[in-house]
Amino acid sequence: MTRPMKETVKQLISDALDRARAKGDLNLAETPDIIIEEPKDETLGDFATTLAMQLARSEKKNPKVIAEVICGFLKDGNDAIDSAQVAGPGFINIKMSADFFRKRLREVVEQGRDFGRSDVGQNKKVLVEFVSANPTGPLHVGHGRGAAVGHALSCLLNMAGYDVSTEYYINDVGNQMNMLGRSTWLRYKELAGHKVTFPDDGYKGDYIRDIAQQVIDKDGTRHLDKPDEDALTFFRQFSKDSILEGIRNDLKEFRVEFDRWFSEASLDEDDSVNRAINWLRDKGFVYEKDGATWVKISESQDAADRVIIKQGGERTYFCSDIAYHKNKVDRGYDLILDLWGADHHGYVPRMQSVLKAMGYGEEVFKILLVQFVALKRGGKKVSMSTRSGEFETLSDVVAEVGVDATRFFFLMRSADSHLDFDLDLAKKESPENPVYYIQYAHARICSVFRTAEKQKVPFPELDTTDLSQLKEAEEFALIKKILAYRECIEKSALTLEVHRIAFYLHELVAIFHSYYKQHRIVTEDRERTLARLLLLDCLRNVIASGLSILGVSVPEKM
RNA sequence: GCGCCCAUAGCUCAGCUGGAUAGAGUGGCGGUUUGCGGAACCGUAGGUCGGAGGUUCGAAUCCUCUUGGGCGCGCCA
């Protein structure tokens, strides 16, 4: 695994600073943090640093003067750097040599499909919990966004050198399960010809009737003869299993799988809940008041203490959640990530407070909020209420738009910003659709290779390919962008922002399309053809790698 | 009432955690093909970064205030 490109540049500058200090041209009481960025205008150079401006105060010199000094030492006996120039108020623009890029490309070829893989994760154990929708109904598009983001994030972290596990937490305990069972039981009676009064807070969706029908198809009406208690137990279990099955299928269809499905009920079975409460009690976080049991967190981030055991002895949802997270902590993760729907943001401080008590501060326990999705059709927003709108479920949207487009649309925006999902646009198999733009590039490259094969051009091998055949400005632009992939992975992983990958791919592919239009790959010039093919093979690997992280398919033909 | 998120081109959004003349896509307008995939490429128009102060060499980015929108504040889950 090689170092990211900017690290190399940083080292070159650092060396230059050392030489400047040794010669007494700069004081440098402290070694500054060197930040490498890209110049606004590409023609200015490949990299830039504002170092001189940052040093101006401590050196008590004009930034321009400092920049000149650094430039002098930078160019000193160095074949990686072509030029280093001062611009504006004290920017240092650095142009790397053609050989520098060719050497780097060579390394990319050697790494093959592993290029981009990083070790910033230091093999840390990380748990990503996402979706975790209650098993009381089918997944809607909001869950779909969470699924896409969570899954892509785990792939990304894996790529960045983390040891990743994924988990879906099933809230299969409590009132909502009772209500679910009751709702199905009532629909069942209804289907059997009985008159029932359906409660206002029951689950009214059509899927409940479907489940009831399943029971009739399977067992007929024999459950009518059971005592209510027994019937409810049956319907509760059956409904939950049926809905969970549906959720699993929807997710599988959406190419999202989990390492573990964690049942809330299991926390009871192994006494985790009591142990978690006792643990908190030992730490002095628990007290009794008004016949209920409270957890004391008002002094940390949350505004008020919260009830964990109600007057009636029943536990709150929060209580189970504490136990669940205690369980996560006990499993020894270095990093715990929760992806929640944005509507739960009010719940964030109390969970953070508890985790903090368990020794997991904000650096190791992170809650990522995934904002809502607004579906649009014909320029108008589709209502997302449970009763209206045919396209509110994930599976309906996937059926209409396709997995690739759906996933890409969920991932092309930062997760914490509201998303307008334009169904008409996502459905188009045409230029306006950004998914195809990237996939098309991959298919196009594959097509070029097919052409090369037809013309008996051998697959380019590193030993037999002369990379100095790559001379065009567009080729260097492409190489530069390919080389930036590794940094993109690291940056995205560290900031937990998957949408950067989508943007990167779009930019990468744009350079390719432009290059392709201007320069022919397969020509009579065999040497040059091989060099260009090798470049395209690297590009193809990066596109495939990036799309795989996003969970978007990588077509060889379209 | 208190708290969180958002506001950038007609529309949808980026903006690398304070840097150079604020960028893409889409839509508008005008172009590009006897050659590897035109699902592509090139050009052009489009902006008081919601508003007002402040911090400094420098602010879309940080602080305060303000306006408009989304959401949350249960012994619900």
Side-chain angles (χ1 to χ4, degrees), chain A residues 35-41 44 48-50 53-54 56-57 62-63 87-91 93 134 136 171 173-177 179 201 264 289-294 303-304 306-312 314-321 341-349 369 371-372 374 376 379 412-414 416-422 425 428-437 439-441 443-452 454-455 484 487-488 491 495 497 499-500 502-503 506-507 509-510 512-523 529 532-533 536 557-558:
Chain A
I35 296 166
I36 307 293
E37 37 194 59
E38 278 135 57
K40 245 337 181 224
D41 184 353
L44 292 172
T49 179
T50 57
M53 278 120 96
Q54 287 160 14
R57 192 170 298 181
N62 185 316
F91 291 95
N93 291 320
N134 293 340
T136 55
N171 297 118
V173 172
N175 284 334
Q176 58 169 2
M177 283 296 108
M179 187 49 81
D201 51 354
E264 180 182 352
K289 193 182 92 181
D290 303 334
T293 304
W294 297 68
R306 306 289 170 175
V307 170
I308 52 175
I309 299 174
K310 306 180 204 171
Q311 280 180 346
E314 212 178 333
R315 298 191 315 264
T316 60
Y317 171 81
F318 184 44
C319 183
S320 304
D321 227 4
D343 52 337
H344 287 78
H345 77 254
Y347 197 74
V348 171
L369 296 178
Q371 293 288 342
F372 288 134
K376 276 171 92 175
M412 63 196 264
R413 304 289 180 228
S414 73
D416 62 3
S417 73
H418 301 259
L419 175 71
D420 276 9
F421 193 127
D422 188 333
L425 175 60
K428 277 188 192 164
E429 295 192 9
S430 66
E432 298 102 302
N433 196 326
V435 200
Y436 297 105
Y437 186 72
Q439 289 182 319
Y440 179 64
R444 208 176 207 186
I445 294 167
C446 290
S447 172
V448 173
F449 272 88
R450 285 191 291 269
T451 302
K454 265 182 225 152
Q455 300 186 12
E487 279 153 43
C488 175
K491 184 98 190 172
T495 55
E497 291 172 334
H499 72 280
R500 290 172 187 276
F503 274 88
H506 193 277
E507 288 166 7
V509 156
F512 163 69
H513 282 309
S514 178
Y515 168 57
Y516 180 87
K517 189 76 177 180
Q518 290 175 72
H519 303 283
R520 200 179 155 77
I521 311 299
V522 182
T523 61
T529 300
R532 289 183 172 176
L533 282 174
L536 289 206
K557 288 181 182 171
M558 292 172 73

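A, B, ... follow the sequence lines: proteins, then strands. Residue 1 opens every chain.
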Heavy atoms only, 4.0 Å cut-off, all strands: where does [X] land among base, sugar-phosphate and nothing?
| X | result |
| --- | --- |
| A/N93 | base |
| A/K454 | nothing |
| A/A48 | base |
| A/M412 | nothing |
| A/A452 | nothing |
| A/H344 | base |
| A/Y347 | base |
| A/Q176 | sugar-phosphate |
| A/S417 | sugar-phosphate |

Counting just side-chain N and O atoms, does [X] come under 4.0 Å of either OP1 or OP2 of [N]?
| X | N | value |
| --- | --- | --- |
| A/H499 | B/G15 | yes |
| A/T316 | B/A77 | no |
| A/K310 | B/C76 | yes |
| A/T495 | B/C16 | no |
| A/Y516 | B/A39 | no |
| A/S414 | B/C6 | no |
| A/S447 | B/G37 | yes |

Given [options], which nucleotide is nearest the side-chain atoms of [X]?
| X | options | answer |
| --- | --- | --- |
| A/F503 | B/G37, B/C76, B/C13 | B/C13 |
| A/M53 | B/A40, B/C76, B/G19 | B/G19 |
| A/D420 | B/A14, B/A39, B/U12 | B/U12 |
| A/T50 | B/A39, B/G19, B/A40 | B/G19 |
| A/K491 | B/A14, B/C16, B/G25 | B/C16 |
| A/H513 | B/C41, B/C75, B/G37 | B/C41 |
| A/N171 | B/C36, B/U12, B/A77 | B/A77 |
| A/Y317 | B/C75, B/A77, B/G37 | B/A77 |
| A/R520 | B/A39, B/C75, B/G35 | B/G35 |

Report the C-alpha separation of A/T495 and A/R500 in whole Å, then their side-chain angles, then the decisive distance to 0.1 Å, and conclude whether the side-chain contact (heavy atoms from CB on, under 4.5 Å) test is met. CA-CA 10 Å; A/T495 55; A/R500 290 172 187 276; 3.4 Å; yes
Nucleotide opposite [N] in a Watson-Crick or G-U pair, distances under 3.5 Å:
| N | answer |
| --- | --- |
| B/C16 | none |
| B/C65 | B/G51 |
| B/A60 | none |
| B/A9 | none |
| B/G72 | B/C2 |
| B/C41 | B/G31 |

Taking it one step at a time, do A/Y515 and A/I521 satisfy side-chain contact (heavy atoms from CB on, under 4.5 Å)? CA-CA 10 Å; A/Y515 168 57; A/I521 311 299; 3.8 Å; yes
For A/Q518 and A/S514, test the side chains for any donor-to-acceptor distance below 3.5 angstrom and give the result as yes or no.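 Yes, because at least one side-chain N or O of A/Q518 sits under 3.5 Å from a partner of the opposite role on A/S514.
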Verify the distance criterion only: is there a donor paired with an acceptor across the side chains of A/N171 and A/Q176 at less than 3.5 Å?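 A/Q176 and A/N171 do not have a side-chain donor-acceptor pair below 3.5 Å.
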Take the protein atom [atom1] of [X] and the nucleotide atom [atom2] of [N], then report the distance between them rounded to whole Å.
| X | N | atom1 | atom2 | answer |
| --- | --- | --- | --- | --- |
| A/D416 | B/A7 | CG | C1' | 14 Å |
| A/I521 | B/G37 | CD1 | P | 11 Å |
| A/Q371 | B/G70 | CD | C1' | 8 Å |
| A/H418 | B/A7 | NE2 | C1' | 10 Å |
| A/M179 | B/A77 | CE | P | 12 Å |
| A/D321 | B/C76 | CG | P | 15 Å |
| A/E38 | B/G23 | CD | P | 14 Å |
| A/Y515 | B/G38 | OH | P | 16 Å |

Is there a donor N/O on one and an acceptor N/O on the other, under 3.5 Å, for the side chain of A/D343 and the base of B/A77? no
Side-chain donor or acceptor of A/H345 under 3.5 Å from a matching atom on the base of B/G3?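 Looking at the base of B/G3, it does pair with a donor or acceptor on the side chain of A/H345 (distance under 3.5 Å).
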I would like to know whether A/I308 and A/W294 meet side-chain contact (heavy atoms from CB on, under 4.5 Å); could you show each step before the answer? CA-CA 6 Å; A/I308 52 175; A/W294 297 68; over 6 Å; no
Flag, side chain of A/H345 to backbone of A/A342, donor-acceptor distance under 3.5 Å: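 Such a contact is found between A/H345 side chain and A/A342 backbone.
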Given the [atom1] atoms of [N] and [M], what is the spacing between them in whole Å?
| N | M | atom1 | value |
| --- | --- | --- | --- |
| B/C11 | B/G51 | P | 15 Å |
| B/G35 | B/C49 | C1' | 46 Å |
| B/U34 | B/G15 | C1' | 44 Å |

Of all heavy-atom pairs between A/P434 and A/M412, which one has the smallest distance, and what is that distance?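 For A/P434 and A/M412, the tightest heavy-atom pair comes out as CG-CE, 3.9 Å.
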For A/F512 against A/I445, the heavy-atom pair lying closest together: CZ-CG1, 3.6 Å
Can we call the ring centroids of A/Y440 and A/Y436 under 6.0 Å apart? no
Readout for nucleotides 28-33 of chain B: B = base within 4.0 Å of protein heavy atom, S = sugar-phosphate only, - = neither; 5' to 3' it is ----B-
Would you call A/M177 and A/T136 a side-chain contact if the rule is heavy atoms closer than 4.5 Å?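 Yes; the side chains approach each other to less than 4.5 Å.
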Counting C-beta onward and ignoring hydrogens, is there a side-chain heavy-atom pair between A/Q371 and A/R413 closer than 4.5 Å?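 Side chain of A/Q371 against side chain of A/R413, heavy atoms only: no contact under 4.5 Å found.
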Just how far is it from atom CZ of A/R315 to atom CG of A/D321, taken to the nearest 0.5 Å? 11.5 Å
Assign each of A/T451 and A/W294 to its nearest nucleotide of RNA chain B by heavy atoms, then name whichever residue's nucleotide is nearer the 5' end. A/T451
Of A/V522 and A/A87, whose closest RNA chain B nucleotide lies nearer the 5' terminus?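 Its nucleotide being nearer the 5' end, the pick is A/A87.
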Between B/A20 and A/F91, is there a base-stacking contact, meaning the centre of the base's six-membered ring lies under 5.5 Å from the residue's ring centre while the planes stay under 30° apart?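 Ring-base stacking flag set for A/F91 and B/A20.
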B/U17, syn or anti by chi within 90 degrees of zero: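 Syn conformation here, the glycosidic angle of B/U17 being no more than 90° from 0.
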